[in-house]
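To start, the structure itself, in structure tokens.
Sequential numbering from 1 along the given sequence is applied to the chain's residues. Order of listing sets the numbers, starting from 1, for every ligand and every atom in it. Computation of the quantities below employed the complete heavy-atom set of this structure, encompassing side-chain atoms and omitting hydrogens, waters and symmetry-equivalent molecules.
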Amino acid sequence: MRLLKSIAELREARAAAPGSVGLVPTMGCLHEGHLSLVRLARAKSDTVVVSIFVNPTQFGPGEDFERYPRTMEADLAALEQEGVDLVFAPPVHEIYPDDFDSVVEVGSLTRRLEGEARPGHFRGVTTVVAKLINLVQPDRMYMGEKDGQQLRVLRKMVKDLNFAVEVVGAPTIREADGLALSSRNRYLTPEERRAATVIPRALAAARERFGAGERDARSLCEVVRAQLSAEPLAQIGYISLADSETLEDLERVDGRAMLSVAVQIGSTRLIDNIVLEPGA
Ligand code: PAF
């Protein structure tokens, strides 16, 4: 496994990389969710590239850029174990030199949910991922369903801008008690960690009601709200039941839909989602 810190080194290594290339973009602090993406990439690609870059432009003022966990040594050990070929871990100025002055922005998909709660967030994500795709030129790029809106936004960018890469979405990996794996789970105190299990419970309750035949979006969201409201440490950011592709709010679930939530537990903001689909 080679660790590359500069764009010049990456370009050289990419030019020499044999066969198909799979890219797993990350911000480090790797957990089983990331490693499941790496395993998918390993199984399908001749060369696996993982990027580790805590991207400052996707954090808003007052968000957790400074305290975002950086665990490079452990990350590299885990990636070596998974048989990764190249790790690209550039310093900030390599990606954003002083005169950097361009953005990549996707339209309406980015104005809802996370985009509404975190203005500018997706502009940062799409700009850095567009750069990574240009640099790595992967055949496939692997992303988790856990960041459901991000996955859809990046698919839209790739389609609209004709990037020659297939975006592969992979299922959310959960703890035994249902909490979705996230690097931000590290911020939770033991009490908050216990409280956070209300999120998968609330989504599971809605799934159960959906399974029993409920199709009214408001009623399904109410199921989630009732569960989340019963947990004193949880503050609801949003509850959304939206078309799985356009992310437009639904009144009824007649096709594939994404039920997503953002919940503040103490000082930590967590997101999660499930897909509901009649007949699936
Ligand atoms: O999901 C993430 O970790 C980040 O948003 C990504 C895709 C690596 C871009 O910085």
Side-chain angles (χ1 to χ4, degrees), residues 4 7 10 22-38 40-41 48-60 63-72 74-76 78-79 84 86-96 100 102-106 109-110 113-115 117-136 138 140-158 161 163 165-173 180-187 260 262 268-273:
L4 314 166
I7 286 172
L10 174 65
L23 169 66
V24 183
T26 83
M27 298 204 299
C29 190
L30 303 180
H31 50 63
E32 275 300 311
H34 298 109
L35 298 182
S36 71
L37 302 176
V38 171
L40 282 178
V48 176
V49 183
V50 175
S51 61
I52 298 179
F53 181 65
V54 185
N55 174 33
T57 64
Q58 69 186 76
F59 291 79
E63 290 189 353
D64 55 344
F65 174 67
E66 302 296 343
R67 77 161 175 153
Y68 196 86
R70 280 130 171 117
T71 58
M72 187 60 83
D75 291 351
L76 293 176
L79 295 176
V84 166
L86 304 175
V87 177
F88 179 49
V92 171
H93 62 79
E94 189 72 3
I95 296 296
Y96 300 117
F100 185 83
S102 300
V103 292
V104 175
E105 187 154 20
V106 170
L109 261 186
T110 67
L113 308 175
E114 287 304 284
R118 304 179 65 189
H121 166 66
F122 284 119
R123 193 185 312 121
V125 171
T126 44
T127 300
V128 80
V129 174
K131 283 177 67 93
L132 290 169
I133 293 173
N134 277 336
L135 291 169
V136 176
R140 294 189 196 83
M141 178 173 75
Y142 295 83
M143 316 282 316
E145 291 275 2
K146 147 84 169 44
D147 295 312
Q149 186 177 11
Q150 170 174 278
L151 175 60
R152 284 154 180 80
V153 166
L154 290 172
R155 282 209 166 109
K156 184 82 174 114
M157 174 188 84
V158 160
L161 300 183
F163 284 115
V165 59
E166 180 191 347
V167 181
V168 181
T172 302
I173 306 294
L181 294 194
S182 162
S183 306
R184 291 187 167 100
N185 291 352
R186 286 186 174 225
Y187 300 150
S260 53
T268 306
R269 187 168 176 284
L270 298 176
I271 58 171
D272 199 353
N273 72 83

Using a strict 4.0 Å threshold on nitrogen-to-oxygen distance, state whether E114 and R269 make a salt bridge.
yes
Answer yes or no: is there a side-chain heavy-atom contact under 4.5 Å between M27 and V128?
no
Which residues share a side chain to side chain contact (heavy atoms under 4.5 Å, CB included) with N185, sequence neighbours left out
L179, S182, L188, L270
Exercise answer, ligand 1 polar atom pairs (N/O) under 3.5 angstrom:
| unit_1 | atom_1 | unit_2 | atom_2 | d |
| --- | --- | --- | --- | --- |
| ligand 1 | 1 (O) | Q150 | NE2 | 2.8 |
| ligand 1 | 5 (O) | Q58 | NE2 | 2.9 |
| ligand 1 | 5 (O) | Q150 | OE1 | 2.7 |
| ligand 1 | 10 (O) | Q58 | OE1 | 2.6 |

Could you give the distance from CG (L151) to NZ (K156), rounded to the nearest 0.5 Å?
14.0 Å
Note, S51 side chain near V136 side chain (heavy atom, < 4.5 Å):
no
Taking the inter-plane angle between the rings of Y96 and F53 on a 0 to 90° scale, is it parallel (under 30°), tilted (30 to 60°) or perpendicular (over 60°)?
tilted
